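Letters A, B, ... are given to chains in the order of the sequence lines, protein chains preceding strands, and every chain is numbered from 1. Predicted model, so just to flag it, every value in this text is computed and none were measured.
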Amino acid sequence: MPDANLHDWNLTPEQAIALQRRMAGSIEREDRLAPVRHIAGIDIGFEQGGEVTRAAAVVLAWPGDPLIGLDIVEQVVHREPTRMPYIPGLLSFREIPAALAAFGMLTTRPELVMVDGQGIAHPRRLGVASHLGLWLDLPTIGVAKSRLCGVHDEVPEPRGEWTPLRHRGETIGAVLRTRAGVKPVYVSLGHRISLATSLDWVVRCLGRTKLPEPTRLADRLASRRGPMPRPAD
DNA sequence: GCGACAG
DNA sequence: ATCTTGTCGC
């Protein structure tokens with residue numbers, strides 16, 4: 001069987017794991033961002049019992065109106081047949097192809113991308129946010145609603161409080177309280193950004209909800225709940 | 001060997 | 001992730 005390469009998304013679990021180990025070494029954990037004017041949010045949802053994969057991408061302008069909040073500049077949806085099942089640790093191979101297709105539909109090229117899932121807070125340090133960041137060569141942040149690996153203390157109740165997420169003696173992310181009394185989110189750097197800066201951006205993009213706006217809006221679009229994209233004027 | 005396990 | 005109604009609370 002031929003070796004796995006970046007353009008092949010139909011890999012065996014063994015090949016996928018080997019590829020993650022190779023790619024993880026290319027992840028940049030320090031800031032290398034252009035001035036942020038647009039922030040994108042990416043998320044994937046499923047339809048028809050999982051047969052169809054639905055990728056959503058939203059672009060928000062930064063900074064937004066202090067009263068209205070962040071403005072939606074663009075929002076797109078891409079649907080395609082689901083390729084592979086969900087396997088813990090191999091999520092990106094299931095979601096990235098569709099995410100890339102949706103991202104490619106965007107007219108605006110954001111300077112920062114927030115992804116629903118882990119960045120380097122992954123057993124092999126290559127969660128979906130990191131994988132996507134490497135592919136797009138853009139700064140990415142992983143914002144997950146639950147933990148994949150690592151341990152942490154309880155997070156203080158006040159909004160904005162956080163505690164380190166550790167795994168094998170290394171800090172791989174932060175568990176952030178985005179709303180008092182609500183389950184915290186797992187923030188980890190994806191690519192070309194530090195954990196500290198990642199936390200800054202997530203907090204800055206927070207509305208009154210648990211998830212930051214980019215991820216929250218993409219989530220809503222991907223799960224086909226909120227209003228559909230309005231046709232162009 | 002026995003659990004845990006992003007979405 | 002998705003399947004699903006009502007219900008508790010600000």
key: Letter per nucleotide, 5' to 3', of nucleotides 3-8 of chain C [B base touched, S only sugar-phosphate touched, - untouched; heavy atoms, 4.0 Å]   = ------
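- The side-chain hydrogen bond (donor to acceptor under 3.5 Å, both in side chains) test applied to A:His152 returns A:Tyr186, not counting sequence neighbours.
- Contacts between chain A and DNA chain B, taken as any atom within less than 4.0 angstrom of a protein heavy atom, begin and end at B:dA4 to B:dG7.
- Pairs of Watson-Crick or G-U wobble type, with distances under 3.5 Å, never assemble into runs of 3 or more in DNA chain C.
- In terms of the side-chain hydrogen bond (donor to acceptor under 3.5 Å, both in side chains) criterion, residue partners of A:His78 (sequence neighbours excluded) are, by chain and number, A:Glu80.
- Scanning DNA chain B for stems, defined as runs of 3 or more consecutive Watson-Crick or G-U wobble pairs whose donor-acceptor distances all fall under 3.5 Å, gives no such range.
- The salt bridge (Lys or Arg N to Asp or Glu O under 4.0 Å) search around A:Arg79 returns A:Glu47, not counting sequence neighbours.
- If you check residues 157-166 of chain A against DNA chain B, you find no residue with a heavy atom closer than 4.0 Å.
- Of the residues in residues 117-130 of chain A, those placing a heavy atom less than 4.0 Å from an atom of DNA chain B are A:Gln118, A:His122, A:Gly127, A:Val128, in numerical order.
- Applying the side-chain hydrogen bond (donor to acceptor under 3.5 Å, both in side chains) criterion to A:Arg32, with sequence neighbours excluded, gives A:Glu28.
- Applying a 4.0 Å cut-off to non-hydrogen atoms, the residues of residues 137-152 of chain A that approach DNA chain B are A:Ala144, A:Lys145, A:Ser146, A:Arg147, A:Leu148, listed by residue number.
- Not counting sequence neighbours, A:Arg94 has no partner by the salt bridge (Lys or Arg N to Asp or Glu O under 4.0 Å) test.
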